[in-house]
Asker: 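Here you go, one structure.
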Amino acid sequence: MFTRRSAVLIVFVLLFVVALSSTHADRVREIGVDWSAAYFNNTVGGGTPVYTETLSGGINFNWGVNSPNPAVQVDGWSAVFGANQLFDNRRYEFVIAADDAVEVVIDGITRLSRPGAHPLTTETFQMNMTYGLHYLTIRYADYSEEAAIQFQYVPVAFPYDVTRGISGTITDHLGNLLLDAKVTAYDATTMAVASIVYTNSDGAYVMALDPGTYKLYAEYVGVIPEYYADKASFAAADSVTVAAGGITTGIDFSLAATACLGGTLTEPDGVTPAANDNIYVYRAGDPPESSYYGAIYSTQTDVNGAYHLCGLIPDLYRVEAYDPSNTYPNTFYNGAFNAADAEMITLVSGEDHIDVDFSYLTYTMTPPVLTAPSGVSADAPSTFTWEEVSGADWYYVWLSNSQTGKVFNRWHSSDVCTGGVCTVPADVTLFSGTYHWWVQAWSTASGYGEWSAPMQFSLSFAAPPTALTPSGVIAYQYPSFLWEALPGATWYEIWVADASGAGKSLWYPADSACYMGYCYSAWDAVGLMSAGVYRWWVQGWSNELGFSGWSEALNFMQPLGAPVTSAPTGVIDTSTPNFVWQPTVPAEWYWVQIANPATGELSGNWFSAATYCTDSTCTVPSPITLADADYEWYVIGWHPVSGYGTWSASVPFTVSTAAPVTAPTDAPQVVPPDEQPPQLDQAPPENGGQ
């Protein structure tokens with residue numbers, strides 16, 4: 001007999017909760033949400049369930065000697081419960097009580113299995129969970145008599161018992177133990193997260209792990225995260241092995257604190273504060289040729305010329321000042337125009353280095369006067385020329401592209417100058433676009449001179465962009481467009497035309513449409529495309545270079561559909577019937593196929609749509625003379641862009657050209673009845689005429 005959750009359930013729950021709370025009084029029990037339940041009239045949980053339901057209150061039942069539903073037999077049944085549950089990054093204890101067989105599966109791995117008949121028994125197990133959703137499956141079977149199950153899980157407070165895994169401590173650079181430092185264990189081969197734990201108030205952690213090889217990563221606010229041991233990358237990290245028995249201890253971290261750097265910046269007089277100027281900080285090994293390249297930290301001076309930067313990784317650094325007004329040249333600490341001559345500053349963990357004070361330098365030589373290249377040209381320059389600067393020993397040449405940034409920066413000795421003109425080879429491959437270049441002089445006696453005024457030159461588009469897709473048959477009605485980026489282009493125009501030549505123009509900015517050498521249009525670029533052939537082109541444009549040429553055209557269209565046939569069909573009395581169907585626009589040719597099912601013979605021919613089709617109908621003569629027999633026919637369209645379309649449905653017909661049977665001459669004539677049929681407005685007889 002079936003009963004709903006009864007007083008027996010209440011007693012079961014109370015007894016279970018009392019037992020659980022006596023052991024875990026300081027922890028919050030969780031039962032999960034949105035469980036699905038499927039019940040089967042067998043003990044293996046297979047086949048089609050006889051009853052299903054959704055459980056909002058978790059898995060907590062005592063059915064006694066009954067079953068969950070009248071559709072479920074009293075004994076010899078099973079249930080499968082499943083749900084995605086959200087967990088934190090911590091260790092959990094899972095508690096399950098059941099009368100008869102039970103199995104707990106987490107993320108597809110069986111964590112507890114107790115087959116066979118058993119009295120009501122409570123079992124537990126622990127495991128580390130990562131933050132996020134995990135899928136839990138609970139399988140239960142009742143063999144006879146009492147049926148009951150309850151499932152809960154509780155976070156485990158640290159410390160807890162671990163039989164195998166890894167343990168250690170986390171400290172900062174001063175040796176202070178860190179509370180709640182995060183430690184992540186990754187599988188050394190797959191990089192999959194194996195466990196995440198946090199340190200306790202003693203800075204200690206322990207994580208349960210299966211035997212294997214792992215790499216550990218430690219993190220904490222205000223310090224520099226690292227892999228074990230003192231490594232900056234996963235590849236360089238030391239591996240830690242967990243054996244089949246015991247804990248691998250002593251996997252300790254000492255995390256370095258970040259450092260700070262500060263000082264003051266003054267104008268060349270060494271007194272006047274350089275207010276609201278930019279400060280760039282570079283780590284050793286970075287390429288700080290300019291304040292625009294390689295800076296990993298930046299800030300601005302205040303009204304007193306003071307600056308302060310924190311969060312720097314302990315290392316060697318260079319510091320550069322940049323005057324946005326260009327009154328003074330970029331100057332490195334301490335008294336240098338370039339990174340090679342700059343004084344290096346050593347920062348150690350936890351240090352606040354606040355005496356990095358320096359002043360702008362001033363130029364001592366006149367700037368070079370540039371002569372060529374300049375203006376717009378179809379050919380890339382072979383040389384760069386400028387007027388010689390008196391007293392200069394070296395020249396520094398800088399070339400930038402408006403779209404991509406720096407192209408090169410090079411030193412040339414004064415030997416490149418003859419007769420007051422300095423000439424150096426370009427020695428670089430340049431693409432279409434706009435360029436700016438500068439030259440700065442330097443001498444052993446007086447140092448750097450001022451940068452020249454920039455000179456601009458542009459290379460016109462060497463070729464149009466290359467259109468890529470769509471091309472040929474497309475399976476969608478809302479095409480987007482893909483093409484190769486054109487160096488120097490800041491905008492692109494796409495032109496799409498139908499078979500009549502009517503077209504539509506679409507414009508796309510390069511900075512949002514292009515990435516990694518390719519450009520994309522919007523998904524719904526031209527809206528719904530009807531049947532037919534379309535062509536499209538793309539061209540580039542920039543303010544300096546104007547328009548490029550148009551790309552080669554690409555044709556595209558939707559697949560040809562299946563023609564809808566109309567004749568012949570049924571029994572016909574001619575051996576050369578016309579074949580009629582509705583055209584599938586824009587097919588240019590049709591193949592008509594005739595089959596004799598009895599002999600397997602196939603016959604057919606090509607027919608031009610221009611000759612045999614109107615807007616609504618295609619009519620062609622029979623490709624062959626047909627003998628009296630049963631036939632099938634079908635037709636398929638073809639277009640040079642799409643190729644073949646889809647075959648029409650097969651249409652059976654029979655050719656019967658024998659003389660028809662005539663009625664005998666003495667056949668009685670059909671005489672219409674005397675009575676007239678009822679009028680259309682005459683009411684029908686009542687009750688169906690009965």
Asker: Distance-only, no hydrogens or angles: does the Ser359 side chain make a donor-acceptor pair with backbone N or O of Pro268 under 3.5 Å?
Answerer: no

Asker: Would you confirm whether Arg318, through its side chain, and Ala339, through its main-chain N or O, come within 3.5 Å as a donor-acceptor pair?
Answerer: yes

Asker: Taking Ser452 for its side chain and Val369 for its backbone only, find out whether a donor-acceptor pair lies under 3.5 Å.
Answerer: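 Checked: no pair found.
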
Asker: Should Asn555 and Met557 count as side-chain neighbours, where that means a heavy-atom distance under 4.5 Å?
Answerer: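 Of all side-chain heavy-atom pairs linking Met557 with Asn555, none is under 4.5 Å.
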
Asker: With side-chain contact (heavy atoms from CB on, under 4.5 Å) as the test, would you mind laying out the steps for Val421 and Thr423 before giving the verdict?
Answerer: CA-CA 7 Å; Val421 177; Thr423 303; 4.0 Å; yes

Asker: Relative to the ring of Phe253, is the ring of Tyr228 parallel (under 30°), tilted (30 to 60°) or perpendicular (over 60°)?
Answerer: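 The rings of Tyr228 and Phe253 stand perpendicular, inter-plane angle above 60°.
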
Asker: What is the distance from atom CG of Asn334 to atom CG of Asp341, rounded to the nearest 0.5 Å?
Answerer: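 Going from the CG atom of Asn334 to the CG atom of Asp341 covers 12.0 Å.
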
Asker: Hey, what do you get for OH (Tyr520) to OH (Tyr508), rounding to the nearest 0.5 Å?
Answerer: 14.0 Å

Asker: Quick one about Tyr360 and Asp277 (side-chain donor to acceptor, distance below 3.5 Å, no hydrogens or angles considered), yes or no?
Answerer: yes

Asker: Judged by modelled atom types alone, do Ser521 and Ser480 share a side-chain donor-acceptor pair under 3.5 Å?
Answerer: no

Asker: Would Tyr297 and Ile313 satisfy side-chain contact (heavy atoms from CB on, under 4.5 Å), going step by step from the backbone distance to the final call?
Answerer: CA-CA 11 Å; Tyr297 301 98; Ile313 296 174; 4.3 Å; yes

Asker: Testing the basics here: between Ala380 and Leu459, what is the closest heavy-atom pair and its distance to 0.1 Å?
Answerer: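 So the two residues come closest at CA-CD2, 3.6 Å.
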
Asker: Which distance, rounded to the nearest 0.5 Å, do you find between the OG1 of Thr466 and the CG of Leu482?
Answerer: 10.5 Å

Asker: Taking side chain as C-beta onward, heavy atoms only, is Glu493 less than 4.5 Å from Ser505?
Answerer: yes

Asker: For side-chain contact (heavy atoms from CB on, under 4.5 Å), just list the numbers for Leu133 and Leu86, CA-CA rounded to whole Å, side-chain angles, deciding distance to a tenth of an Å, and then say yes or no.
Answerer: CA-CA 4 Å; Leu133 292 174; Leu86 180 64; 4.0 Å; yes

Asker: Do Leu430 and Leu399 come within less than 4.5 Å of each other through their side chains, counting heavy atoms only?
Answerer: yes

Asker: What are the two closest non-hydrogen atoms of Phe384 and Pro373, and how far apart are they?
Answerer: CD2-CD, 3.4 Å

Asker: Hey, what's the ring geometry for Phe556 with Phe481, parallel, tilted or perpendicular (30° and 60° as the breaks)?
Answerer: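 Ring orientation of Phe556 relative to Phe481: perpendicular.
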
Asker: Apply the ring-ring contact (aromatic ring centres under 6.0 Å, His included) test between Tyr333 and each candidate in Tyr317, Tyr280, Tyr307, Phe358; give the one that qualifies.
Answerer: Phe358

Asker: Considering non-hydrogen atoms only, spot the tightest contact between Tyr590 and Pro563 and give its length.
Answerer: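 Between these two residues, the closest heavy atoms are CE2-CG, 4.3 Å.
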
Asker: Does Val635 offer a backbone N or O that forms a donor-acceptor pair with the side chain of Ser648 under 3.5 Å?
Answerer: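 Yes; judged by distance alone, with no hydrogens or angles, the pair exists.
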
Asker: Would you find more than 12 non-hydrogen atoms of other residues, nucleotides or ligands less than 6.0 Å from Glu484 atom CD?
Answerer: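 Buried by this count: over 12 neighbours within 6.0 Å.
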
Asker: Determine whether the side chains of Thr371 and Glu387 contain a donor N or O and an acceptor N or O closer than 3.5 Å.
Answerer: no

Asker: Measure from the side-chain N and O atoms of Trp495 to the backbone N and O of Gln539, and report whether any donor-acceptor pair falls under 3.5 Å.
Answerer: no

Asker: Looking at Asp357, is its backbone amide N or carbonyl O close enough to the side chain of Thr264 to form a donor-acceptor pair, meaning the two atoms are under 3.5 Å apart?
Answerer: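 Not confirmed, Thr264 side chain does not pair with Asp357 backbone.
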
Asker: Taking the side chain as every heavy atom from C-beta outward, state whether Trp591 and Tyr644 have any atom pair closer than 4.5 Å.
Answerer: no

Asker: Given side-chain contact (heavy atoms from CB on, under 4.5 Å), test Leu468 with Tyr518 step by step and report yes or no.
Answerer: CA-CA 10 Å; Leu468 298 176; Tyr518 295 92; 3.7 Å; yes

Asker: Just so I know, are the side chains of Phe408 and Asp427 near enough to count as touching, which here means a heavy-atom distance under 4.5 Å?
Answerer: no

Asker: To the nearest 0.5 angstrom, please state how far the CG atom of Leu312 sits from the CD1 atom of Ile224.
Answerer: 9.0 Å

Asker: Counting only heavy atoms not in Asp511, do more than 12 sit closer than 6.0 Å to its CG atom?
Answerer: yes

Asker: When rounded to the nearest 0.5 angstrom, what distance separates CG in Asp187 from OG in Ser239?
Answerer: 10.0 Å

Asker: Sub-3.5 Å donor-acceptor pair from the side chain of Asn278 to the main-chain atoms of Tyr322, do we have one?
Answerer: no

Asker: Rounded to the nearest 0.5 Å, how far does CZ of Arg283 lie from CG of Leu347?
Answerer: 10.5 Å

Asker: Taking the six-membered ring of Phe234, is the NZ or CZ of Lys215 close enough (under 6.0 Å from the centre) and on axis enough (within 45°)?
Answerer: yes

Asker: Applying the ring-ring contact (aromatic ring centres under 6.0 Å, His included) test to Trp386, which of Tyr396, Trp438, Tyr395 qualifies?
Answerer: Tyr395

Asker: Got Tyr492 and Leu486 here, is their nearest side-chain heavy-atom distance under 4.5 Å?
Answerer: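 The answer is yes, as the side chains (C-beta and beyond) meet within the 4.5 Å cut-off.
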
Asker: Mind checking whether Trp606 and Trp638 have parallel, tilted or perpendicular rings, split at 30° and 60°?
Answerer: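 Ring orientation, 0 to 90° scale: perpendicular.
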
Asker: Is there side-chain contact between Asp352 and His308, with heavy atoms separated by less than 4.5 Å?
Answerer: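 Sidechains of His308 and Asp352: in contact.
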
Asker: Please examine the side chains of Trp451 and Pro367, heavy atoms only from C-beta on, and report whether any two atoms are closer than 4.5 Å.
Answerer: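 Of all side-chain heavy-atom pairs linking Trp451 with Pro367, none is under 4.5 Å.
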
Asker: Determine whether the side chains of Thr385 and Thr383 contain a donor N or O and an acceptor N or O closer than 3.5 Å.
Answerer: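 Judged by distance alone, the side chains do not pair up.
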
Asker: State whether the side chain of Ser642 and the backbone N or O of Leu560 hold a donor-acceptor pair below 3.5 Å, judged by distance alone.
Answerer: no

Asker: What are the two closest heavy atoms between Pro583 and Cys618, and how far apart are they?
Answerer: CB-SG, 3.6 Å

Asker: Is the backbone of Asn304 close enough, under 3.5 Å, to the side chain of Asp302 for a donor and an acceptor to pair up by distance?
Answerer: yes

Asker: Is Thr490 reaching over with its side chain to a backbone N or O of Trp541, donor-acceptor style, under 3.5 angstrom?
Answerer: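 It does hold such a pair.
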
